[in-house]
There are 2 protein chains.
Amino acid sequence: MRRKRLNKAACPIARALDVIGDWWSLLIVRDAMRGTTRFSDFHKSLGMSKNILTRRLRTLTGQKILELVPAADGTAYQEYRLTDKGRSLYPVLMSLALWGQDNAPTNGPKSHLVDREHGQPVRGVNVIASDGRILKAGETRMVRTG
Amino acid sequence: MRRKRLNKAACPIARALDVIGDWWSLLIVRDAMRGTTRFSDFHKSLGMSKNILTRRLRTLTGQKILELVPAADGTAYQEYRLTDKGRSLYPVLMSLALWGQDNAPTNGPKSHLVDREHGQPVRGVNVIASDGRILKAGETRMVRTG
DNA sequence: CCGTATCCATTCCGATACTG
DNA sequence: CAGTATCGGAATGGATACGG
């Protein structure tokens, strides 16, 4: 029996997870956001088998999160680039990064998030109401639309 | 061969995904944030088999994202409650919800996120630098800490 | 009501070898 | 470089039946 599909769920969280809620997709998008574009570079960075990388890249391009375009460097190859839809996953990745920094420790080497311009740590990720207020857990709810 | 464990990864995104990057965990946390506490209520809401729900709840309590406490209503049962660590996943869920609203459409009924007080749509999720600036994709990077 | 215990199908993932 | 082909092991997920 297959996994339950959530792409028809009313809840946008469930639908989002149906698209990018698997182990590798967000890591591929993370690399793409750093500037990775080539198959071999994803492969080296992620250490996954080429087999699965192929499948994931195909899914992500199918979802229009990545697109396959002629390589910018003039070689005969192609490269994977983030679309706007993919780039809009930025807050998802950043909130995951901040949560991981604080709540998923490791003894080994670790990195943390800084802003590129000043090198200072990122302060946080805020949920903003339409009037500009910062919303906390419990101050939002979901309402039925259609 | 097992899935590659990412709990020793330097990247906090990878470590975060190692903990909560599976299909069901974030949906359980979502329900918990709405106030769901009881096994049967999670079960009804998620429509998954009790088998797996048990496993996931155990993992989440093991990770201290949920905790099992005596039921508040005086019954002999227990209930699952979010810890602070669990509640701090709020920005992750919200950014997923906003992404899903815009990028994972459905023909069926759908919900969207509003702030509880005024019922207005949530504006967005912002990444905030230490000096208060709002950061966009490409304006952050990861640096090695330890 | 809140789970556990089995059983089974599917999917995921990794390793390796091979191709244009 | 960028995949494809094949294999096998592992984890996931569902159905069902059962127990405290």
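Naming: A, B, ... by sequence-line order, numbering from 1 per chain. Quick caveat, the model's predicted, so the values are computed rather than measured.
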Inset, instruction - Fill in the dot-bracket string of DNA chain C, one character per base: . for unpaired, | for a pair to another strand, ( ) or [ ] for pairs within the strand, taking Watson-Crick or G-U pairs under 3.5 Å. - result: |.||||||||||||||||||
Legend entry - Distance in Å, B/Arg38 CZ paired with B/Asp31 CG, rounded so as to fall on 0.5 Å steps: 15.0 Å
Legend entry - Value rounded to 0.5 Å, distance of CG in B/Leu68 from CG in B/Leu60: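 Output value for this atom pair is 12.0 Å.
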Inset, instruction - Kindly state which residues belonging to residues 55-65 of chain A come within less than 4.0 angstrom of DNA chain D, counting heavy atoms of the residue only, listed by number. - result: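 Going residue by residue through residues 55-65 of chain A, the ones with a heavy atom under 4.0 Å of DNA chain D turn out to be A/Arg58.
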Legend entry - Those residues of residues 30-50 of chain B lying under 4.0 Å from DNA chain D by at least one heavy atom: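 When residues 30-50 of chain B is checked for heavy atoms under 4.0 Å from DNA chain D, the hits, listed by number, are B/Met48, B/Ser49.
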To the nearest Å, how far apart are [X] [atom1] and [N] [atom2]?
X	N	atom1	atom2	answer
A/Ile52	C/dT11	CD1	C1'	11 Å
A/Ile28	C/dC12	CD1	P	13 Å
B/Gln78	C/dG3	CD	P	7 Å
B/Leu68	C/dC1	CG	C1'	14 Å

Legend entry - Verdict with supporting geometry, B/Arg56 and B/Asp22, salt bridge (Lys or Arg N to Asp or Glu O under 4.0 Å): CA-CA 10 Å; B/Arg56 287 283 149 250; B/Asp22 77 285; 3.0 Å; yes
[X] bridged to [Y] by N-O distance under 4.0 Å:
X	Y	result
B/Asp18	B/Arg15	no
B/Glu117	A/Arg133	yes
B/Asp102	A/Lys85	no

Legend entry - N/O donor-acceptor pair, side chain B/Asn51 with base D/dG13, under 3.5 angstrom: no
Inset, instruction - Answer yes or no: are there more than 12 heavy-atom neighbours, outside A/Asn107 itself, under 6.0 Å from its atom CG? - result: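 No, because the 6.0 Å sphere around CG of A/Asn107 holds 12 heavy atoms or fewer from other groups.
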Legend entry - Greater than 12 external heavy atoms within 6.0 Å of B/Asp131's CG: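 Yes, the 6.0 Å shell around CG holds more than 12 heavy atoms from other groups.
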Inset, instruction - Can you figure out which of C/dC1, D/dA2, C/dG14 approaches the side chain of A/Trp24 most closely? - result: C/dG14
Inset, instruction - Check the side chains of B/Thr140 and A/Tyr90 for a donor-acceptor pair under 3.5 angstrom, ignoring hydrogens and angles. - result: yes
Inset, instruction - Answer yes or no: does a side-chain N or O of B/Tyr80 lie under 4.0 Å from OP1 or OP2 of C/dG3? - result: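 Yes, such a contact exists.
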Inset, instruction - Hey, which sits more toward the 5' end of DNA chain D by its nearest nucleotide, A/Tyr77 or B/Tyr77? - result: A/Tyr77
Inset, instruction - Let me know which of A/Lys110, A/His112, A/Gln101 forms a side chain to side chain donor-acceptor pair (under 3.5 Å) with B/Thr145. - result: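 Running side chain to side chain donor-acceptor pair (under 3.5 Å) over A/Lys110, A/His112, A/Gln101 with B/Thr145 returns exactly one hit, A/His112.
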